Peer 1: 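Below is one structure. I have some questions about it.
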Number of protein chains: 2
Amino acid sequence: MKVSATAHRPDRSRRSAGRGGASRSGTHRLGTRGRPEESRAAILKAAVAEFAEHGIAGARTDAIARAAHVNKALLYYYFKDKDALYEAVLDHVFSGLRARVMPVLESKLPPRRKMLEYLGAYFDYIAANPRFPRVVQGEWMRSGANGSARMQRVARKYFRPIFGKLAQVLREGIEAGEFRPVNPMDFVPSVVGVIIFYFSAAPLMKTLMKLEPLSEKRIRERRAFVLDFISAALFR
Amino acid sequence: MKVSATAHRPDRSRRSAGRGGASRSGTHRLGTRGRPEESRAAILKAAVAEFAEHGIAGARTDAIARAAHVNKALLYYYFKDKDALYEAVLDHVFSGLRARVMPVLESKLPPRRKMLEYLGAYFDYIAANPRFPRVVQGEWMRSGANGSARMQRVARKYFRPIFGKLAQVLREGIEAGEFRPVNPMDFVPSVVGVIIFYFSAAPLMKTLMKLEPLSEKRIRERRAFVLDFISAALFR
DNA sequence: TTCATATAATTAACCAGTTAGTTAGATTAT
DNA sequence: ATAATCTAACTAACTGGTTAATTATATGAA
């Protein structure tokens, strides 16, 4: 065993990184059949759905391949193993969040405005991708061994910078007397909880209430509530 | 095959349910070796830990048996299958919560006091059992097929009554002008999110901050924050 | 008191189905 | 041709669940 050649190629994203004189013409993709980037994207998308629905252990690689209309071996061509695929999903989810949220936090808005913009941006990102919380929820709690390592990487890469900026906004707002004094270590996870939890619990709520919790109208109401709720809790 | 007798006995808890004229004397347990109730309890406890750590699909029945110092077959003697064991865990968790929280909601306290008592009781229950959120989180999102059925039962049995009482408190408080007007469908899940999320995220926070998020001191601070945060958001 | 019997509690060993991951080859654009 | 892209079929390992036997306890008839 362990003789194999098909070693996984980690860096799939580069397109025409002219390595060694081979490619010269302006054509931008070599030796390709079908649409490889699309295959990869389809796999990732299917993985998001599958991981969201069943969690990491419950997710079936066969199901992902089937949903992506792709042979299972292709998963292992693009991703080292199931774990790496899950990490790719995490990166996808959180890089999207960061892209949406960091510009706001780095803007020159006054604290109060900035906080509201942040909350809105965060909410909108999740509302546009209601599956994302479910992909993550199942994993950021496990402290044991490997799970921890995986999430720690994500945490350091995405959470830390966001948390840092957010703590700074809080400091400024408190100093300016606009915010009530709060510990970021308490405030930040509370906000995340308020925003995320509603979407995690939506399937369940649907069975209890008569209202569809993810209808457009409801989501608008929910957005207004969240902003108001946190405003009332934070602003003086 | 299928000749066997050892069919799973669902109702383990009854002790001296004198069935048919056979037993008459007051003796309460027959043909018993070891401490069966203890075995069952050990299994349940181990299951809580295992399900919390790995989720339902990731949990290993072998690991549960090992942790409970019990042969694996004994799991299936006390519980029909892995799924039934998980349901038993859910019942354990939520019946504990209900026991802790319903008396408060059924008391005669004025709305404001009652809400604060409720929040405190809820928080304390979770703080005393920080694993519980993790046991549940992984499951109440999956709407697909079986997962839904399982959680719907729990939802109807435990959530609905609590939600109902809570909605009533809100109505009264709002009517009395003590509370700001909020939709229970928004307020309730927000509160749950704020309380629960901190504990779910604790393992991760531990790796980011230097502070131990579950230290006694920190938990006291957190409790105060949660009550204050929600008070500020709800009370006029 | 004692011994046969029923029954509850427990276990070692096993099995069948599932699943992550592999392999050897096919297909296609250049 | 050749490297990139893709696939059907396979396998090694794992895991939920079963089985048949075993041990301990209580019961009650002799």
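A, B, ... follow the sequence lines: proteins, then strands. Residue 1 opens every chain. As the structure is a computational prediction, the values presented were derived from the model and not from experiment.
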Peer 1: Among dT10(C), dA4(D), dA8(D), which is the nearest nucleotide to the side chain of A73(A)?
Peer 2: dA8(D)
Peer 1: Does dA20(C) have its OP1 or OP2 closer than 4.0 Å to a side-chain nitrogen or oxygen of R60(A)?
Peer 2: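 For dA20(C), OP1/OP2 do have a side-chain N/O of R60(A) under 4.0 Å.
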Peer 1: So does R153(A) pair up with D91(A), basic N to acidic O under 4.0 Å?
Peer 2: yes
Peer 1: Rounding to an integer number of Å, can you tell me how far K72(A) NZ sits from dT11(D) P?
Peer 2: 14 Å
Peer 1: Just call it for A63(A): base, sugar-phosphate, or nothing, with non-hydrogen atoms closer than 4.0 Å on any strand.
Peer 2: nothing
Peer 1: Any side-chain N or O of Y77(A) less than 4.0 Å from the OP1 or OP2 oxygen of dC6(D)?
Peer 2: no
Peer 1: Over how many whole Å does the gap from L74(A) atom CG to dT22(C) atom C1' extend?
Peer 2: 14 Å
Peer 1: Starting at CZ of R66(B) and ending at P of dA12(C), how long is that distance when rounded to a whole Å?
Peer 2: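 Value for this atom pair: 13 Å.
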Peer 1: Taking only Lys NZ, Arg NE, NH1 and NH2, and the carboxylate oxygens of Asp or Glu, determine whether R218(A) and E212(A) approach each other closer than 4.0 Å.
Peer 2: no
Peer 1: Establish, with yes or no, whether the OP1 or OP2 oxygen of dA8(D) is under 4.0 angstrom from a side-chain nitrogen or oxygen of N71(A).
Peer 2: yes
Peer 1: Please report, rounded to the nearest Å, how far the P atom of dA9(C) is from the CZ atom of F79(B).
Peer 2: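 After rounding, the reported distance stands at 13 Å.
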Peer 1: Output yes when at least one side-chain N/O atom of T61(B) is less than 4.0 Å from OP1 or OP2 of dT15(D), else no.
Peer 2: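 Answer no for this pair, as no side-chain N or O of T61(B) is under 4.0 Å from OP1 or OP2.
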Peer 1: Among dA20(C), dC6(D), dG17(D), which is the nearest nucleotide to the side chain of Y76(B)?
Peer 2: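 Ranking dA20(C), dC6(D), dG17(D) by closest atom to the Y76(B) side chain puts dG17(D) first.
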Peer 1: Measure from NE2 on H69(A) to P on dT7(D) and round the result to the nearest Å.
Peer 2: 12 Å
Peer 1: With the side chain of D62(B) defined as its heavy atoms from C-beta on, choose the nearest nucleotide among dG16(D), dT7(D), dG21(C).
Peer 2: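 The answer is dG16(D), which lies nearest to the side chain.
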Peer 1: dA20(C) P sits how many Å from H54(A) NE2, rounded?
Peer 2: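 About 12 Å, once rounded to whole Å.
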Peer 1: Return yes if the base of dG17(D) and the side-chain atoms of K82(B) contain a donor-acceptor N/O pair under 3.5 Å, otherwise no.
Peer 2: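 Such a pair does not exist between side chain and base.
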Peer 1: When we call it a touch if two heavy atoms are under 4.0 Å apart, what does A57(A) touch: a base, just sugar-phosphate, or nothing?
Peer 2: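 Result for A57(A) = nothing.
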Peer 1: With a 4.0 Å cutoff (strictly under), does any side-chain N or O of Y78(A) reach OP1 or OP2 of dT5(D)?
Peer 2: no
Peer 1: Is the distance between the ring centroids of F163(A) and F187(A) under 6.0 Å?
Peer 2: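 Not under 6.0 Å, so no.
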Peer 1: May I ask you to say whether R150(B) pairs ionically with E87(B), meaning some side-chain N is under 4.0 Å from a carboxylate O?
Peer 2: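 Answer for the salt bridge query: no.
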Peer 1: Rounding to an integer number of Å, can you tell me how far I64(B) CD1 sits from dT15(D) P?
Peer 2: 12 Å
Peer 1: Would you please confirm or rule out a distance under 4.0 Å between OP1 or OP2 of dC6(D) and any side-chain N or O of S39(A)?
Peer 2: yes
Peer 1: Nearest whole Å is fine: how far is dT19(C) C1' from I56(A) CD1?
Peer 2: 14 Å
Peer 1: Of the options F225(A), Y198(A), F199(A), which is the one that meets F123(A) in a ring pair (Phe, Tyr, Trp, His ring centres under 6.0 Å)?
Peer 2: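 Testing F123(A) for a ring pair (Phe, Tyr, Trp, His ring centres under 6.0 Å) against F225(A), Y198(A), F199(A) leaves exactly one candidate, F199(A).
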